[in-house]
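Everything on this sheet refers to the single structure shown next.
Because the structure is a prediction, the values reported are computed rather than measured. Letters A, B, ... are given to chains in the order of the sequence lines, protein chains preceding strands, and every chain is numbered from 1.
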2 protein chains.
Amino acid sequence: MGKEEAGGYPSLIEDSGLASTPARAQVLEILANSQSPLTAREIHATLARTQAVDRTTVYRSLDVFVEAGLAERITSGDRAFRYGMGRRSLHARHPHFFCRQCGDMECLSAGAVELRMEDFVRTFAGLVERVEVRMDGICKNCLRRGGAGK
Amino acid sequence: MGKEEAGGYPSLIEDSGLASTPARAQVLEILANSQSPLTAREIHATLARTQAVDRTTVYRSLDVFVEAGLAERITSGDRAFRYGMGRRSLHARHPHFFCRQCGDMECLSAGAVELRMEDFVRTFAGLVERVEVRMDGICKNCLRRGGAGK
DNA sequence: TGACCGATGCAACCAAGTTGCATAGATTGC
DNA sequence: GCAATCTATGCAACTTGGTTGCATCGGTCA
Ligand SMILES: [Mn+2]
Ligand SMILES: [Mn+2]
Ligand SMILES: [Zn+2]
Ligand SMILES: [Zn+2]
């Protein structure tokens, strides 16, 4: 699934100035292979199927990845952050959809929405580092099995 | 500061099919008078200056307001939701800016960004109920006193 | 008047994430 | 090669933001 060039995730991690460890490489691989952004809990659950890693290590790996731009922290409509590949990992920015019924989040194509903000950024007194566009609603699965009821 | 027509917040609440109580009216008034979206904690702190209300009541008031469209729940870059006036309270949708340094959130003018998503919404299999646009970065105050260092 | 219903308070609980500290494993200096 | 030095990890305790169960209280209505 995830195509990786020579060296794979370890070298991607090292190219960002971080030490590569088995746990970190696996966390990044899980992120890279996912169609949708994942919670730390989901990442840990996947990881734990093959090796025993503490959840703290997952949290800390994600933190350093986000700091280094390797991963992106995405807010959702619920109380848990999601993580996806970051811009430093050949990943284009794109909006997301959050289903308030089942809690699933999906990546939308980068061109799904057109966002123009250059004029604003130019005149804004603060520093804009990133933008998040998220649509909330009911996903098609939840629509099929039961309507938009809370 | 907050201009209110005859009846004020109590009737605004009742017009949404909810019972108006002193606590609810005050929560809504605090929201209406704020320049920026507030956390439940901030609302409770403000409220507590004039009367003893349990934080649970604040949470529950906000829940029913959001459900009724009187208030809007907004995600930020940190772990706490913010609340602002909702669309059913004569409030236009607009983007927000979140400062990752001081945690302050500010409302941006509705025209700050141009967002085109009709084409997407028309062809999307799910139901899109709302959209959130949030910029993250460093606010001008934090820029002045110390740069963008974390 | 009395049954009812919803809003509130309060305590317990929960989920997500963070922190302190000890250890193990790798890296560096010599 | 060996010791001094990081640093990633594990594990437990803690924090924060929010939710839930349950008892009570105050209106509304037959
Ligand atoms: Mn994505
Ligand atoms: Mn706002
Ligand atoms: Zn769904
Ligand atoms: Zn700031």
Side-chain angles (χ1 to χ4, degrees), chain A residues 9-11 13-14 16-28 30 37-48 50-68 70-83 98 100 102-105 150, chain B residues 9-10 13-14 16-28 37-48 50-68 70-83 98 100 102-105 150:
Chain A
Y9 302 110
S11 53
I13 293 171
E14 281 159 6
S16 296
L18 299 175
S20 176
T21 66
R24 286 183 178 177
Q26 284 223 49
V27 168
L28 193 58
I30 290 168
L38 302 171
T39 62
R41 165 185 291 268
E42 289 167 330
I43 294 165
H44 180 244
T46 303
L47 193 44
T50 59
Q51 56 180 260
V53 175
D54 194 76
R55 68 196 186 98
T56 317
T57 300
V58 174
Y59 281 118
R60 288 197 272 230
S61 300
L62 291 169
D63 285 348
V64 299
F65 286 171
V66 168
E67 186 76 16
L70 268 177
E72 192 184 12
R73 178 180 285 121
I74 303 161
T75 62
S76 67
D78 64 28
R79 311 211 356 68
F81 292 122
R82 312 290 151 121
Y83 295 88
F98 173 77
R100 67 173 168 84
C102 66
D104 269 2
M105 200 159 194
K150 199 256 157 119
Chain B
Y9 301 109
I13 293 171
E14 280 159 8
S16 296
L18 300 174
S20 176
T21 67
R24 288 183 176 176
Q26 283 222 49
V27 167
L28 193 59
L38 302 172
T39 62
R41 166 186 293 270
E42 290 168 330
I43 294 165
H44 181 242
T46 302
L47 193 45
T50 60
Q51 56 180 260
V53 174
D54 194 76
R55 67 196 185 101
T56 316
T57 301
V58 174
Y59 282 116
R60 288 198 271 231
S61 299
L62 291 169
D63 285 347
V64 300
F65 286 172
V66 168
E67 185 75 16
L70 267 178
E72 191 184 12
R73 177 181 286 120
I74 303 162
T75 62
S76 68
D78 64 28
R79 310 209 344 82
F81 292 123
R82 313 288 150 122
Y83 295 88
F98 174 77
R100 66 174 170 85
C102 67
D104 267 3
M105 201 160 196
K150 199 230 149 148

Send over the distance from A:E67 CD to D:dA8 P, rounded to a whole Å.
13 Å
Just compare C:dA16, D:dG18, C:dC10 and give me whichever is closest to any side-chain atom of B:D54.
C:dC10
In terms of the nearest nucleotide of DNA chain D, which residue is placed more toward the 5' end: A:S61 or B:F81?
A:S61
Quick check: closest heavy atoms across A:M105 and A:R82, and the distance to 0.1 Å?
SD-CG, 3.3 Å
B:L18 CG - D:dG27 C1' separation (whole Å):
17 Å
Shortest non-hydrogen separation from A:L70 to A:S16 and the atoms involved:
CG-OG, 3.5 Å
Looking at every strand, decide which applies to B:R41 at a 4.0 Å heavy-atom threshold: base, sugar-phosphate, or nothing.
sugar-phosphate
With heavy atoms under 4.0 Å as the rule, sort A:R24 into base, sugar-phosphate or nothing.
sugar-phosphate
Using every non-hydrogen atom in the two residues, find where A:V27 and A:F65 come nearest and quote the distance to one decimal.
CG1-CE1, 3.9 Å
Sugar-phosphate, base or nothing in reach of A:T21, heavy atoms under 4.0 Å:
sugar-phosphate
In whole Å, what is the span from the CG atom of A:D78 to the P atom of D:dT19?
11 Å
Taking atom C1' of D:dG17 as reference, at what distance in whole Å does atom CG of B:L62 sit?
13 Å
Rounded distance in Å - NE2 (A:H44) to C1' (C:dG17)
14 Å
Step by step, would you call A:F81 with A:I74 a side chain to side chain contact (heavy atoms under 4.5 Å, CB included)?
CA-CA 6 Å; A:F81 292 122; A:I74 303 161; over 6 Å; no
Using the closest heavy atom to pick a nucleotide of DNA chain D for each, name whichever of A:V58 or A:R55 lands nearer the 5' end.
A:V58
Send over the distance from A:I13 CD1 to C:dA26 P, rounded to a whole Å.
16 Å
May I have the distance from A:R82 (atom CZ) to C:dG17 (atom C1'), rounded to whole angstrom?
14 Å
Mind listing the side-chain donor-acceptor pairs of residues 41-48 of chain A below 3.5 Å, one per line with the distance, residues two or more places apart or on another chain?
unit_1 : atom_1 : unit_2 : atom_2 : d
A:E42  : OE1    : A:T39  : N      : 2.8
A:E42  : OE1    : A:T39  : OG1    : 3.4
A:H44  : NE2    : A:V53  : O      : 2.7
A:T46  : OG1    : A:E42  : O      : 3.0

How close or far is atom P of C:dA16 from atom CZ of A:R79, stated in whole angstroms?
9 Å
Would you say the side chain of B:R60 and the base of C:dG9 hold a donor-acceptor pair, judged only by whether the two atoms sit under 3.5 Å apart?
yes
For A:D63 and B:A19, find the nucleotide of DNA chain C closest to each by heavy atoms; which residue's nucleotide sits nearer the 5' end?
B:A19
Within the structure, does a side-chain N or O atom of A:Y59 lie under 4.0 Å from either OP1 or OP2 of C:dG17?
yes
Looking at every strand, decide which applies to A:T56 at a 4.0 Å heavy-atom threshold: base, sugar-phosphate, or nothing.
base
